[in-house]
Amino acid sequence: MRATFRPMPTEGGVRLPGLAGLLEQVRPSARATFLGPDRRLLLAAGQGPAELGVPVGAFLHQPSLERALRAGIATLPSVDVRLGTGVSGLRAGACGAVEVELDDATVAQARYVVGCDGAASTVRSLIGAGYEGTTFAQPWLVVDVRSAEALPVPPDIAFVLDPRRPGVSMPMPGGHRFEWMLLPGEDPERMTRPETVARLLSAWVDPATVTIERATVYTFHARMASRWRAGRVLLAGDAAHTMPPFAGQGLASGIRDAAALAWRLTEVLTGLRGHDTLDDYERERRPQVAAITTRAIRAGGVVRTTSPARAALLRTTLRTVAHTPGLSHALRSGAARPRTRLPRARRPAREGGRWAGRIVANPRVRTPDGGTCHLDDLLGPSWALLGLGVDPCGGLPPSARAWVERRGATLLTISGPGREVRLCSSCPVVEDLDATVLRMTGRRDRPLVAVIRPDRYLLGVFPPARLVGALTSPDNP
């Protein structure tokens, strides 16, 4: 059986030109802060350690991201981009295909259609899915500014608990973003006028020293489609769910949708799984999105307080927490940060262990040629088997070998720095320099094999004797 060792330049196995330069412009986020009306610090909540080898939080410039993605997609021969063309209808085609009627009078055929067309999704309407939830009554003014010089503003995201006008301040690459909640009766058009924007900015910076890149009013939503799939048509991103921005997880949730759906579609299209496996996409993602949306709504409830009495109580509570030694240390260490995990482990604990359903860690590793990188750079776009102090290829019967070969799974042996592992195959050995992955072996330091899904969730960590059943089980998601 061939053991693969494929350093990947980017996560997901596809390198898009321009993204490497874009990532260099991302500004890491170390903490979130809460300020009083006088903009004095009430409480700081840290993001905690970067367990995945990347910043826990990050600020990016969305127009730059979109330009980089479009430039990269334009280099892919399998992608046909039709900007300015809308979908007007969907109908069943021959051999199970979906015919997509476009508003330029053409028809495209696809084996599957994924509607990623935003909160006002046409695809969602065409499959008859509802969009349940609430629309927040308070619209917000969003202002992006650019400046050649450093601005006298907080370096972290700051929620301003001012009952007269709640606000948010956050850095972004090359500039800064300010947000203010509109009060009852205020006209959105008037709020975006230059004189109004300049007046609001003047509390933070000299308006003459910045260039206003954008000033617009948004009304936030907390909604979710009643179903994310109708046969061969699926929904993702804002078409499937929207949430208030107070947890900063809207874009991230859409990316997770894509990661959860892409590998399943790949396996269905290549005949490795049945059509019904796509139902697992919504079953896994819906509870995750619901939990994140609830957090965002609760955070927004704190930020959007306009009652002077309640705002005073909140400030007192936050100051108390900030000066309570145990609580303040926990918050600075990232205790309030949500941990990404599947809503339920996809394997019983007795088989997959307590690591099932978690995101695999991403430590620094030393490769056989002596170089260093992060583990994720080696995993590739498909499944991966990591032997934790053991050869993951050793003793696999033909059925399990076939499973690995059909998926082009990456096979690696993980060892501690300087520790030798005896192999019965050509499986590469990489050293876990941070001892992050190896801690899954537990105190007994017993040989185990970690099975990693293409979206980097752990199917589980198994003794070698149970690995075959885990790979070939019909319940393997």
Could you walk me through whether Val451 and Leu471 pass side chain to side chain contact (heavy atoms under 4.5 Å, CB included), step by step? CA-CA 8 Å; Val451 180; Leu471 295 180; 4.0 Å; yes
For [X] against [Y], the heavy-atom pair lying closest together:
| X | Y | answer |
| --- | --- | --- |
| Ala222 | Thr293 | CB-CG2, 4.0 Å |
| Tyr457 | Gly357 | CD2-O, 3.3 Å |
| Glu431 | Pro417 | OE1-CA, 3.2 Å |
| Ala400 | Val468 | CB-CG2, 4.3 Å |
| Gly416 | Leu438 | N-CD1, 3.4 Å |
| Val142 | Tyr218 | CG2-CD1, 3.6 Å |

Tyr112/His275 aromatic ring centres below 6.0 Å: yes
Side-chain contact test, heavy atoms from C-beta onward, threshold under 4.5 Å: evaluate it for [X] versus [Y] and give yes or no.
| X | Y | answer |
| --- | --- | --- |
| Leu35 | Leu41 | yes |
| Leu386 | Leu379 | yes |
| Met440 | Arg358 | no |
| Phe59 | His176 | no |
| His374 | Arg364 | yes |
| Leu448 | Pro463 | yes |
| Ser121 | Asp238 | no |
| Trp228 | Arg286 | yes |

Determine whether the side chains of Arg319 and Thr316 contain a donor N or O and an acceptor N or O closer than 3.5 Å.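 Thr316 and Arg319 do not have a side-chain donor-acceptor pair below 3.5 Å.
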In Å, rounded to the nearest 0.5 Å, how long is the span from [atom1] of [X] to [atom2] of [Y]?
| X | Y | atom1 | atom2 | value |
| --- | --- | --- | --- | --- |
| Asp257 | His241 | CG | NE2 | 3.5 Å |
| Asp432 | Thr413 | CG | OG1 | 13.0 Å |
| Leu141 | Phe178 | CG | CZ | 11.5 Å |
| Thr211 | Arg146 | OG1 | CZ | 9.5 Å |
| Arg315 | Asp162 | CZ | CG | 8.0 Å |
| Phe246 | Ile157 | CZ | CD1 | 10.0 Å |

Taking side-chain hydrogen bond (donor to acceptor under 3.5 Å, both in side chains) as the criterion, tell me which of Arg27, Glu213, Arg177 meets it with His61. Glu213
Mark yes or no: Arg124 above the aromatic ring of Tyr131, with NZ or CZ under 6.0 Å from the six-membered ring centre and no more than 45 degrees from the axis. yes
Is it possible for you to check whether Arg407 lies under 6.0 Å from the centre of the six-membered ring of Trp263, through NZ or CZ, and within 45° of that ring's axis? no
Just wondering, are more than 12 heavy atoms of other shown residues or ligands nearer than 6.0 Å to [atom1] in [X]?
| X | atom1 | result |
| --- | --- | --- |
| Glu149 | CD | no |
| Arg406 | CZ | yes |
| Arg70 | CZ | no |

For the pair [X] (side chain) and [Y] (backbone), establish whether a donor and an acceptor sit closer than 3.5 Å, ignoring hydrogens and angles.
| X | Y | result |
| --- | --- | --- |
| Asp156 | Ala32 | no |
| Arg456 | Val360 | no |
| Arg273 | Leu278 | no |
| Thr75 | Gly72 | yes |
| Asp434 | Pro363 | no |

Check the pair Leu412, Leu375 against side chain to side chain contact (heavy atoms under 4.5 Å, CB included), reporting the backbone distance first and the verdict last. CA-CA 10 Å; Leu412 296 173; Leu375 176 63; 4.1 Å; yes
Apply side chain to side chain contact (heavy atoms under 4.5 Å, CB included) to the pair Val143 and Trp180, showing each step before the final yes or no. CA-CA 9 Å; Val143 176; Trp180 294 277; 3.8 Å; yes
Is there a side chain to side chain contact (heavy atoms under 4.5 Å, CB included) between Trp383 and Val404 once you walk through the steps? CA-CA 8 Å; Trp383 291 74; Val404 170; over 6 Å; no
